[in-house]
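Accompanying notes for the structure given below.
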Amino acid sequence: MTIETSHGKARPTLPRSSDLQAVPAPVGEPSASRDAAGRFAPGNVVGRGKGWKRAIARLLGRDVSDPVAVAVAHDAWTIFAACIRELPHDGPIVRGLVAQKARHDALAGFWAARAVEVGLTTDEGITAQTQATLHGQRAERLTVTALDVATKLAATRPRAPTAADTPWFVPTPPKESP
């Protein structure tokens, strides 16, 4: 990077458009897993994980009509997605635990907000605080459990085969003469 003087101050020289490199194409081209008519071709990864995604959505309550429940479910999904990215293993056992944790975190947040809304010193506010605390405690326990299970499962995960493990040719047996 070079420095130039502009308006009496030293400033870095901005790159020119001719100095910039071409941006590579996106990794997942939409046509890569589609046939000539635009339909999904065999071997595409679009539907991968559909079963567990549907199960997690049911557990978190994403398909409901109550607007409050929809907001809590949206918060739970956001928490779930953030938490699952931090764990060393994301198998079905871990996903179930993290989904429960996310649900309890979202409910703790809902009840804490409700307590503030109705007044912390009112009877309804104290009840809402109690609910928030109970959901928060459950979320903490599930956090510890999910992290422990994910760590143990990651340690026992079978190693993926490498090119060194696979022979580059398969010998054929010699033909027997008649």
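Numbers here are sequence positions counted from 1.
- Rounded to the nearest 0.5 Å, atoms CD (Glu140) and CG (Asp105) are 9.0 Å apart.
- Of all heavy-atom pairs between Ala132 and Ala112, the closest is CB-N, 3.6 Å.
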Show the numbers, then the answer: is there a side-chain contact (heavy atoms from CB on, under 4.5 Å) between Phe110 and Val68? CA-CA 9 Å; Phe110 167 76; Val68 175; 3.4 Å; yes
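- Taking Ala150 as the reference, Leu87, Pro88, His89, Val94 meet the side-chain contact (heavy atoms from CB on, under 4.5 Å) condition, with sequence neighbours excluded.
- In this structure, CD1 in Ile93 is found 12.5 Å from OG1 in Thr145, a value given to the nearest 0.5 Å.
- For residues 111-131, the pairs satisfying side chain to side chain donor-acceptor pair (under 3.5 Å) are Arg114-Glu117, Arg114-Glu124, with sequence neighbours left out.
- In terms of heavy-atom proximity, Ala108 sits nearest to Gly136 at CB-N, 3.8 Å.
- We find the NE2-CD1 distance between His104 and Ile79 to be 12.0 Å, quoted to the nearest 0.5 Å.
- Distance check: Thr143 OG1 to Gln100 CD gives 11.5 Å after rounding to the nearest 0.5 Å.
- Counting heavy atoms from C-beta outward, Phe80 and Arg95 have side chains that approach closer than 4.5 Å.
- Between Ala102 and Ala76, the shortest heavy-atom distance links the atoms CB-O, 3.2 Å.
- The distance from atom CG of Asp90 to atom SG of Cys83, rounded to the nearest 0.5 Å, is 13.0 Å.
- Interatomic distance, CG of Leu153 versus CG of Asp148, reported as 9.5 Å (0.5 Å rounding).
- Counting all heavy atoms, side chain and backbone alike, Asp75 lies closest to Ala106 at CB-CB, 4.0 Å.
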